[in-house]
Structure formats: structure tokens, C-alpha cells
Amino acid sequence: MVLLTPAVAGELSYVELAPAASGIVPYQMAPGMGGGLAAADYDDDGDVDIFVPTAEGTPHQLYKNLTVEGGTTLFAEVASEAGLAISSRGRSAVWLDADGDRRLDLVVAGDCFQYAAECDPDESLLRLFRQTETGTFVDVTAEAGLVETRADHPTSQSHRGSITAGDFDNDGDPDLYTTLWLGGTRLFRNDGSGRFEDVSLATGAAGPSAPGVGPWQAVIHDLSGDGLPDIFVAVDFGEDQLLIQQDNGSFLDVAATAGVDRPWNGMGVALGDVDNDLDFDLFVTNITGEFPDGPRDSTFYLNNSMGGAMQFADVGESAGVENVDWGWGVTFLDADNDGMLDIAATNGFGSADYRDDPSRLFINQGQAPVAFSDASAASGFNDTEWGSALASVDLDMDGDLDLLQTCQDGPFRVLINQLSSPDRRYLGIRPRTLGRFSRPLGAEVVIQVEEVSMIRRISAGTSFMTQEPAEAWFGLGAAETVDSVTVKWPGGGQTVLQDVAADQVLTVTDLLFNNAFE
């Protein structure tokens, strides 16, 4: 059941902000196959800011959101005054509170892809910037144990993929997981003080690192439902991985038995509950086309798991979402606030066959079986840029989800959702604790609206080299009240609210979760 019928032509449109008028400055992506962005409220003033890593010689960009609710969307580029206008190559980034001082810090990841001769052999390609009391940032990479130099990259073709944060050991602090195309993966465990230890080999999380195999985007969540965070990795030129954490902290790849081991060209990943059955489905972008070993397309894995047996089915073709051309970034979002998650994906490549392919917006029709309609042209999200990172976030605080997109050779695009129907309500939930680590990565938020249930997760790393904010967003259709909101905290425990009014962003705190890590 849907709470409201899906949007029709004219109700949903995305309009790109004019850069000069909105404060967006020229952008240059690092040469290669993509570049990312990280969106979070780093200054805790109630709106979402954006960090954009850039090419060597071009200072990184930090956009402070100056939007006044109900006013014009406006940003100020403040990287220089914040101490983040670094000109070394940046590829992807993630916001996290590394040291438990309740201020978001920033990890920026680079590489030496096709740049080995000019790449400083002594400079770390992972850098941790700690936020100070004044809102500026200082480089604490060495003391944090995150040093990774050119010598740690197997070849000159090793290309940075995603950098994702999650609390693997349920101790309250965020750990890090990184991928390197043609270079494997690494898991860094946080000791609670902001110092990290590489435990990749000890936990079995290192890989895939076979010659020619390229892990791209990873997403972290407890997919098995046993209380321990797991990892899904989209892999290029190899089987995708589903690493389920065991009771002893090691990881076991069950992708083959779960049906998510497609050996094609996995790029970006979205994780969300598309059919409102309270489990998480997967969308993996790929290359659509004919190849010597047969046809390929993107993969939409519907979660059909029962009990302890994990099982997914690829329903991309029957749902009408298998073709996103040469896909990269992808996000699940309720673009039309009807209570059902939609799919936005971006794409492109330098070859003639994929150079002018449009971005895609697929609207969930609320049917059984799941089906989508292509609203790319009608909504205005049909650019023909070589797109890379893609994030959905409410930038202008009007209750519908906007889009952020990085593009090869520029630009950095901000697209504002102009949802016109007045009867499409929303609810935003920000789970927070009052202790050292305020953002509980891995939390789940479940709402009940009449007979409809919906679930969202709190994460730090998704899409393709992308981070979306630690917020859960729900479209409510015409419902004015949510019957219940349940926040399920990592490691156990939950907070339940009853009869919550629509059209607000609500911060939910939990002292029991906080006290567990004091």
C-alpha cells in the first residue's frame, strides 16, 4: 500500500542552482574514474554542509550551508578559513567523530592513479583532520595511525574507491573501511581516542586483491540481523562481496549463497527498503551493454531473506530499473514523499557509446511485485554529464530531498527538489546520544503510519564515494501524524515515540545507549 499515489508529470522537478548566485565555485575532479563528496552538519547548526575533495593543485572545497528556512538556498565556500583548502589530490571523504569530542572530524582519501611520478612518496594518501573548538581543522594523520603512502598501493593504476565509517565492534566509536580499485580493502579499528589500527588481515576483511579485481563502493550495516555490522562491497571485474561478521569479529563472504555475487562491473551501491517489508534491499550500478560473455546491466537485489537464511533475488529487469548505462552513483530516496523509496542514478564514461547517457530517476509505483517508472526527463534529472558521486539530502529544509552530484571534468551540481503538491508530508529523524560519540552509526529508524511500516538506517558511506547525513527521511503522503517512531540503537535497546506530528525534523536521544560507552 502507498500513502499517496506517486508523483505525476509537473509535480516533481529538479532545478540546478546557478553556481554564482548560490555560492558554488568552479570544481575540478581528480583525474581518473570518479570523485566523491561528503554531506553532514559538521558545525551542528541544524543544516547540512558539504565537503568536496578535488584534483591535485586545486584546493578542496567546504560549503557551509547558509540557507534560511523558507529562503534562497545559499552556501559559503569556507575551506580556507577552516584549514581544509589542501591542494593535494583528494578522491573521497567521510565525516566522523573520531575522538569522541562530539565534533565531526574529516578523513580525506587520495591516490596516485596514473600519477606515480609526481605523487609524493612520503605523503599520506589517507589524512585525518580533527575539528577544534573554534571550528577549524588540524591534520592529525600521523598520531591517528592512518598513514598510507604510495608504497601501500600495489600499482600506479590503484585507484581510491570508497571510505566508509561504521562501528564494527559496537563499542560506540566509528571505525573505518576503505577500498582501493586494483588494490584491495582495509579495515581500521578505532581505539576510542581517535587512533586507528589496521585489522584487515586479522579479521579477514582484506580483499579482494587479486590482479585485475577492483573493489569500489562498500556499505556497512547489520544485514544478517545478529547485532553485528556487516559489509557489502561492489566489485569491478570480480564477484561482489557480502561479508558477514562472525561472533569472533572475523568476516565470512556469503555472497554466493545469498545470491549477490554477480561477477560483472559493480560500481555504486544503495541500501534501502524499497517494498516497505522492513528489510534492506540493494541496488548495484553496473555497465549496461553487450559483452563477449553476454549482456550486462545494473542489479536490483530484493531482499527475500527468511529467518537466519539470507537470500536476495535480482528483479532489476522486471522492475524496470536494470538500465542505467555506465552507472556510478546511486541513491534510494523518496523523491515524491509518497511513502515509497525511489531510485536516482548517474552515469557516463569517455567512450562514445556512453558519453551522452542521461542520469536516471525511477519512481516507485507502489505495486506488488515492485515496479518503477522512468521520470528522468519529466523531473529534469536527465543531464548527460559523466556523473560520479550522487547524494540525496534536504538542503533547503523544505521537507523534500534534493540531489548533489559530482561530474568528471566538472561541474559540482546542486539540484533542488521543487515538489509542488501540498499534500506530500514528511518526517526527518536525527538519532543522537548525549555522550562522547553523538552519532550512532548503524542505528535503525522504523515508523508506523496506519498499516504502513518504513525503515531507514544511519550510515556514513554509500552511493559511489559519497556520504549522506546521519538522518532518516520519510515521505508520509497526506498523513498528518505518524503513529509511532522507533529508534533501534546499535548493540541493543530502542526508543519509542507515539503520535508524532508530520512536517518536522526531530532529534531523538537515548541516555541508555550513551551510558553503555561511558
Side-chain angles (χ1 to χ4, degrees), residues 36-44 48-53 60 62 82-84 90-110 124 126-132 135-141 143-148 160-179 185-199 217-221 229 231 389 391 393 430-433 435-443 457-463 465-471 489-491 513-514 517:
L37 64 88
D41 182 9
Y42 85 92
D43 52 3
D44 279 325
V48 177
D49 314 295
I50 313 158
F51 178 82
V52 186
H60 301 325
L62 175 61
L84 292 174
R91 182 75 68 182
S92 54
V94 65
W95 294 101
L96 75 167
D97 180 3
D99 56 354
D101 63 358
R102 300 185 57 82
R103 290 187 290 269
L104 284 180
D105 311 306
L106 181 70
V107 178
V108 183
S124 181
L126 283 177
R127 300 180 72 174
L128 173 60
F129 296 92
R130 182 166 294 156
Q131 186 175 178
T132 70
T136 59
F137 293 81
V138 294
D139 190 334
V140 296
T141 302
E143 52 262 52
L146 282 177
V147 175
E148 178 183 284
R160 179 70 62 187
S162 62
I163 180 162
T164 310
D167 183 9
F168 287 98
D169 46 9
N170 283 336
D171 63 353
D173 57 50
D175 310 301
L176 284 169
Y177 188 79
T178 71
T179 68
T185 63
R186 301 177 76 182
L187 172 59
F188 294 92
R189 182 158 289 153
N190 190 343
D191 69 359
S193 70
R195 181 168 181 81
F196 294 84
E197 177 188 4
D198 186 344
V199 296
Q217 182 64 42
V219 292
I220 300 168
H221 196 69
I231 312 168
V393 55
R430 294 172 176 158
R432 299 290 186 265
T433 75
R436 292 181 59 214
F437 297 95
S438 61
R439 290 165 172 80
L441 299 179
R457 68 192 183 101
I458 303 301
S459 64
T462 186
S463 185
M465 303 186 195
T466 299
Q467 180 182 15
E468 295 177 339
E471 304 172 340
W489 305 95
F513 176 83
N514 163 57
F517 303 108

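Here CG of Asp167 is found 5.5 Å from CG of Asp175. Values are rounded to the nearest 0.5 Å. In this structure, OH in Tyr177 is found 4.5 Å from CD1 in Ile231, a value given to the nearest 0.5 Å. Note that the CG atom of Asp173 and the CZ atom of Phe196 stand 7.5 Å from one another [nearest 0.5 Å]. Taking CG of Leu441 as the reference point, atom NE2 of His221 lies at 11.0 Å (rounded to 0.5 Å). With values rounded to the nearest 0.5 angstrom, Asp198 atom CG is found 9.5 Å from Leu146 atom CG.
Of all heavy-atom pairs between Ser124 and Val147, the closest is OG-CA, 3.4 Å. Here the closest heavy-atom approach between residue Ser92 and residue Gly161 is recorded as OG-O, 3.0 Å. Taking all atoms of both residues into account, the shortest heavy-atom contact from Gly36 to Ala389 is CA-CB, 3.7 Å. What you find for Ala38 and Gln467 is that their closest heavy atoms are CB-OE1, 3.5 Å. Shown here for Gly90 and Val108, the closest heavy-atom pair between the two residues is CA-CG1, 4.2 Å. Scanning all heavy atoms of the two residues, the minimum distance from Gly194 to Leu128 falls at O-CD2, 4.2 Å.
For Asp99, the side chain to side chain contact (heavy atoms under 4.5 Å, CB included) partners at least two apart in sequence or on another chain are Asp97, Asp101, Asp105, Arg130. The salt bridge (Lys or Arg N to Asp or Glu O under 4.0 Å) test applied to Glu148 returns Arg160, Arg186, not counting sequence neighbours. For the side-chain hydrogen bond (donor to acceptor under 3.5 Å, both in side chains) test, residues two or more places apart in sequence or in another chain that qualify with Arg439 are Asp44. Under the ring-ring contact (aromatic ring centres under 6.0 Å, His included) criterion, Phe129 pairs with no residue at all, not counting sequence neighbours. Not counting sequence neighbours, Arg457 has no partner by the salt bridge (Lys or Arg N to Asp or Glu O under 4.0 Å) test. Checked against side-chain hydrogen bond (donor to acceptor under 3.5 Å, both in side chains), Tyr42 has no partners two or more places apart in sequence or in another chain. Applying the salt bridge (Lys or Arg N to Asp or Glu O under 4.0 Å) criterion to Asp169, with sequence neighbours excluded, gives Arg189. Every residue two or more places apart in sequence or in another chain was checked for a side-chain hydrogen bond (donor to acceptor under 3.5 Å, both in side chains) with Ser463, and none qualifies. For Phe188, the ring-ring contact (aromatic ring centres under 6.0 Å, His included) test picks out no residue, with sequence neighbours left out. Residues forming a side-chain hydrogen bond (donor to acceptor under 3.5 Å, both in side chains) with Thr141 (at least two apart in sequence, or on another chain): Asp139. Partners of Thr164 according to the side chain to side chain contact (heavy atoms under 4.5 Å, CB included) rule, which considers only residues two or more places apart in sequence or in another chain, are Ser162, Gln217, Ala218, Ile220. The side chain to side chain contact (heavy atoms under 4.5 Å, CB included) search around Arg195 returns Asp191, Ser193, not counting sequence neighbours.
Within the 4.5 Å cutoff, side-chain heavy atoms of Leu104 are placed close to those of Gln131. Trp95 has its side chain out of reach of Asp49: every pair of non-hydrogen atoms, C-beta onward, lies at least 4.5 Å apart. Counting heavy atoms from C-beta outward, Leu176 and Asn190 have side chains that stay 4.5 Å or more apart.
A donor-acceptor distance shorter than 3.5 angstrom exists from the side chain of Arg436 to the backbone of Gly192, with no hydrogens or angles considered. Checking side-chain atoms of Arg102 against main-chain N and O of Gly435 turns up a donor-acceptor pair under 3.5 Å.
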